[in-house]
Undergrad: 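Take this structure, written in structure tokens, and hold onto it; I'll ask about it next.
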Amino acid sequence: MVFDEYGRPFIILRDGGDQERLQGKKARKQNILAAKSIATIMKSSLGPKGMDKILVGSDGEVTITNDGATILKEMDVENQVAKLMVELSQSQDDEIGDGTTGVVVFAGALLEQAEILIEKGIHPTRIADGFEASCAIAIEHLATLAEELEFSRENTANLHQVVRSCLSSKVVKRCEDLMAQISVDAILSVADLDRKDVNLSLIKLEGKAGGKMEDSKLVNGILLNKHMSHPQMAKEIKDAKILILTCAFEPPKAKTKYTLEIKTAEQYKQLDAAEKEWFIEMVQRVKESGANVVMCQWGFDDEANHLLLQNELPAVRWVGGTEIELLAIATGARIVPRFDDISSDKLGKAAVVREIELGTTKEHIVMVEDCANTNAVTIFVRGGNNMIIEEIKRSIHDALCVVRNLVRDNRIIYGGGAAEIACSNKVAEEADKVSNLEQYVMRGFADALEEIPLALAYNCGMPGIESLAEAKARQVKEKNPWVGVECNTSTIEDMKQRNVFETLVGKQQQLLLATQVVKMILKIDDVIKQGGAG
């Protein structure tokens, strides 16, 4: 409430009972606490020895994962600032595909340092600016430390090693060699190395419960979770000429509303005969085009199905729109929207189309293999149950994103927290050259960077502070920026010799995104909740 020049009160912001408001220091403390609580949850899932989380949805669906973006997406977060942390992890997943846990842990560490600095009396705006300056130093230092990873279509050993590092913290660790091979081969199948471009939408991930993880494979073509429309149709068609239809196998319908009156049995027979003629003509057009397999986006009735069987034309119905597009890209076919447009030049080609029965469950899949154009592939995942399959799919998605990032920018750094320790040392060194208040902020940023190796050490059962001190001392003493925490042996090692890789662009993005979100949170000094707001 404020007063005008005559002393009359008027209300700008109503302080009603249905409104909650936090201001100044209280608002900042609450915001920092909310964000830190999210980071604390994620900390135990960091690294190869990180723990999994079990998430039960409102409908009782269970998800078991240690993927940062998935955990936060499945959590029912109500606090507005905590939602920013969820979006932060999602941004990292959308842009890079890996490092979704680390980015949240680092943001939480930054906010912890910011809280200490605010208690010392440093203004939040000065802290935010200091963090941004420190982030720029760290990113520049990473670029100077980075090394180029040499690879080609023939020599993929280095790519495999990077993907193995990415998969070491996933449920697929037992089969990391196979999954790395599948991921690298899939990306190189669809990549344009000259333009440094990868279209991930050309890679289809399909999974079926049953079988071992080792049964997963890369299909050089498209896999459809369908079966032939008639059980007596041929199960394997070699040298397939595929017709892709987006129109239904049925007589044409009038566009306007109409009523058809049938008064005699003769008229009904005439209608039935006319329908048969339509079906016969449709099937004949397909046959004349030279097609020996039909893929249809819509269904067709028993009459059409019977005629297709009689004419030895195997068909698959209810093929999804995305799958239709991938089929067209892979086989070189043209999608046909009307029966009048069917012609031989619109057919796609594949070496073999076959229907496979899985296990004893009577589940079927149709595989379109060795297509004319290899620019569309399918990764077929097997596992003990649907939960495992979904987790394998998430792991492979992360691996695919890592390889894509290397195709775009082949610079790498080494993992195990070594890069964070090197950046921490560099920021602390630069802080000594600053004579104003920012020195404290830069030191806080340097301390926050150490939270990643500290969490890695704790998660594999090592004494955190002693391990971090040893790694820092060895980096300075040996002048080697790649000494870090080797989680698999629970020792402090040279990560370059242990072949633990990370992409430069992924690590830089982590630091940038976390700093931006922390800067946004620090600049909030007033939280106003309307009645009914969560």
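Residue indices begin at 1 and follow the sequence shown.
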Undergrad: Restricting to non-hydrogen atoms, name the atom on A35 and the atom on I521 that form the minimum distance, rounded to 0.1 Å.
TA: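 Shortest heavy-atom separation between A35 and I521 comes out as CB-CD1, 4.2 Å.
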Undergrad: Taking C-beta and beyond as the side chain, do V368 and V352 meet within less than 4.5 Å on heavy atoms?
TA: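 No, side chains not in contact.
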Undergrad: With respect to L224, which candidate in V353, L327, I365 satisfies the side chain to side chain contact (heavy atoms under 4.5 Å, CB included) definition?
TA: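 Of the listed options, the one satisfying the test is L327.
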Undergrad: Take atom NE2 in H227; do more than 12 heavy atoms of anything else shown fall under 6.0 Å from it?
TA: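 No, because the 6.0 Å sphere around NE2 of H227 holds 12 heavy atoms or fewer from other groups.
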Undergrad: Please tell me whether T65 and D67 have a donor and an acceptor in their side chains that are separated by less than 3.5 angstrom.
TA: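 Judged by distance alone, the side chains do not pair up.
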Undergrad: Do other residues, nucleotides or ligands put more than 12 heavy atoms under 6.0 Å from H306 NE2?
TA: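 Atom NE2 in H306 is not packed in, count stays at 12 or less.
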Undergrad: Do N66 and E391 touch side chain to side chain, with heavy atoms closer than 4.5 Å?
TA: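 The answer is yes; the side chains approach within 4.5 Å.
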Undergrad: For N155, I'd like to know if atom CG has over 12 heavy atoms of other residues, nucleotides or ligands within 6.0 Å.
TA: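 Correct, the count exceeds 12.
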Undergrad: Check whether E355 reaches the backbone of E236 with its side chain - one donor and one acceptor, N or O, closer than 3.5 Å.
TA: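 Not at all, since once roles are kept as given, no pair shorter than 3.5 Å links the two residues.
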Undergrad: Does the side chain to side chain contact (heavy atoms under 4.5 Å, CB included) test come out yes or no for T503 and D98, once each step is laid out?
TA: CA-CA 9 Å; T503 58; D98 191 30; over 6 Å; no
Undergrad: Specify the closest pair of heavy atoms between N410 and F151, including all atoms of both residues, with the distance to one decimal.
TA: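 It is CB-CE2, 3.9 Å.
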Undergrad: Which heavy-atom pair separates G464 from A457 by the least distance, and what is that distance?
TA: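 Heavy-atom minimum between the residues: CA-CB, 4.0 Å.
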Undergrad: Taking C-beta and beyond as the side chain, do W482 and D494 meet within less than 4.5 Å on heavy atoms?
TA: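 Yes; the side chains approach each other to less than 4.5 Å.
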Undergrad: Over all heavy atoms of both residues, which pair between P337 and C247 is shortest? Give the atoms and the distance, please.
TA: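 In this case the closest contact between P337 and C247 is O-CB, 3.1 Å.
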Undergrad: How far apart are the closest heavy atoms of S424 and E450, and which atoms are they?
TA: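 S424 and E450 have their closest heavy atoms at OG-OE2, 3.1 Å.
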Undergrad: Above 12 or not: heavy atoms from other molecules or residues under 6.0 Å from CZ of R474?
TA: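 Yes, CZ of R474 has more than 12 neighbouring heavy atoms, counting only those of other groups under 6.0 Å.
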Undergrad: Using modelled atom types only, decide if a donor and an acceptor are shared between the side chain of S89 and the backbone of M85 within a distance under 3.5 Å.
TA: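 No, because the side chain of S89 does not come within donor-acceptor range (under 3.5 Å) of the backbone of M85.
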Undergrad: Is there a side-chain hydrogen bond (donor to acceptor under 3.5 Å, both in side chains) between T100 and Q92? Walk through the geometry before answering.
TA: CA-CA 6 Å; T100 52; Q92 178 78 9; over 6 Å; no
Undergrad: Between K235 and E357, does any side-chain N to carboxylate O distance fall below 4.0 Å?
TA: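 A salt bridge is absent here (no side-chain N lies under 4.0 Å from a carboxylate O).
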Undergrad: Should we say atom CG of L200 is surrounded by more than 12 heavy atoms from elsewhere, each under 6.0 Å from it?
TA: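 Count over threshold, so yes.
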Undergrad: Is the shortest side-chain heavy-atom distance between R394 and D93 below 4.5 Å?
TA: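 Counting from C-beta outward, R394 and D93 never come under 4.5 Å.
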Undergrad: One thing to verify: whether E147 and K496 come together as a salt bridge, which I'm taking to mean a side-chain N less than 4.0 angstrom from a carboxylate O.
TA: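 Salt bridge between K496 and E147, a charged N being under 4.0 Å from a carboxylate O: yes.
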Undergrad: For atom CE of M75, decide whether the heavy atoms of other residues, nucleotides or ligands shown that lie under 6.0 angstrom number more than 12.
TA: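 Buried by this count: over 12 neighbours within 6.0 Å.
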Undergrad: Hey, can you pull the donor-acceptor pairs under 3.5 Å for the side chains in residues 316-326, sequence neighbours left out?
TA:
unit_1	atom_1	unit_2	atom_2	d
R317	NH1	F300	O	2.7
E323	OE1	G320	N	3.2
E323	OE2	K204	NZ	2.9

Undergrad: T489 and T491: side-chain hydrogen bond (donor to acceptor under 3.5 Å, both in side chains), yes or no, with the steps?
TA: CA-CA 6 Å; T489 58; T491 52; 2.7 Å; yes
Undergrad: Which label fits F131 and F445: parallel for a plane angle under 30°, tilted from 30 to 60°, or perpendicular past 60°?
TA: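 Because their plane-to-plane angle lies in the 30° to 60° range, the rings of F131 and F445 count as tilted.
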Undergrad: Show the numbers, then the answer: is there a salt bridge (Lys or Arg N to Asp or Glu O under 4.0 Å) between K241 and D239?
TA: CA-CA 7 Å; K241 294 179 181 65; D239 190 23; 3.6 Å; yes
Undergrad: Check whether any side-chain heavy atom of E486 lies under 4.5 Å from a side-chain heavy atom of N488, and answer yes or no.
TA: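 When only atoms from C-beta onward are counted, N488 and E486 do touch, with a gap below 4.5 Å.
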Undergrad: Under 4.0 Å between a Lys/Arg side-chain N and an Asp/Glu carboxylate O for E420 and K507?
TA: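 Between K507 and E420 there is a salt bridge, with a charged N closer than 4.0 Å to a carboxylate O.
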Undergrad: If we ignore angles and hydrogens, is there a donor and acceptor under 3.5 Å between the side chains of Q297 and T246?
TA: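 No donor-acceptor contact under 3.5 Å links the two side chains.
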Undergrad: List the atom of A107, the atom of V518, and the distance in Å for their closest heavy-atom pair.
TA: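 Here A107 and V518 meet closest at O-CG2, 3.6 Å.
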Undergrad: Is the backbone N or O of E312 less than 3.5 Å from a side-chain atom of N292, with the two atoms forming a donor-acceptor pair by type?
TA: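 Pair absent, no side-chain N/O of N292 close to backbone of E312.
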Undergrad: When you compare the side chains of S45 and K53, does any donor N or O come within less than 3.5 Å of an acceptor on the partner?
TA: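 S45 vs K53: donor-acceptor pair found between side chains.
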Undergrad: Under the salt bridge (Lys or Arg N to Asp or Glu O under 4.0 Å) rule, what pairs show up with a residue in residues 175-190, not counting sequence neighbours?
TA: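 Counting only pairs at least two positions apart or across chains, the salt bridge (Lys or Arg N to Asp or Glu O under 4.0 Å) contacts touching residues 175-190 are R164-D177.
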Undergrad: Is a salt bridge present between E214 and R382, judged by a nitrogen-to-oxygen distance below 4.0 Å?
TA: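 Salt bridge flag = no for R382 with E214.
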Undergrad: Could you walk me through whether K208 and E363 pass salt bridge (Lys or Arg N to Asp or Glu O under 4.0 Å), step by step?
TA: CA-CA 9 Å; K208 278 280 185 186; E363 281 202 53; 2.2 Å; yes
Undergrad: About how many Å separate CD1 of I412 and CG of L149, when rounded to the nearest 0.5 Å?
TA: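 With rounding to 0.5 Å, CG (L149) is 5.0 Å from CD1 (I412).
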Undergrad: Do the side chains of R498 and E493 get close enough for a salt bridge, i.e. N-O under 4.0 angstrom?
TA: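 Judged by the 4.0 Å cut-off on N to carboxylate O distance, R498 and E493 do not form a salt bridge.
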Undergrad: Is the shortest side-chain N to carboxylate O distance from E369 to R354 below 4.0 Å?
TA: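 Looking at R354 together with E369, the answer is yes, because their closest N to O distance falls below 4.0 Å.
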Undergrad: Report yes if some heavy atom in the side chain of V105 is under 4.5 Å from a heavy atom in the side chain of E451; otherwise report no.
TA: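 Counting from C-beta outward, V105 and E451 do come under 4.5 Å.
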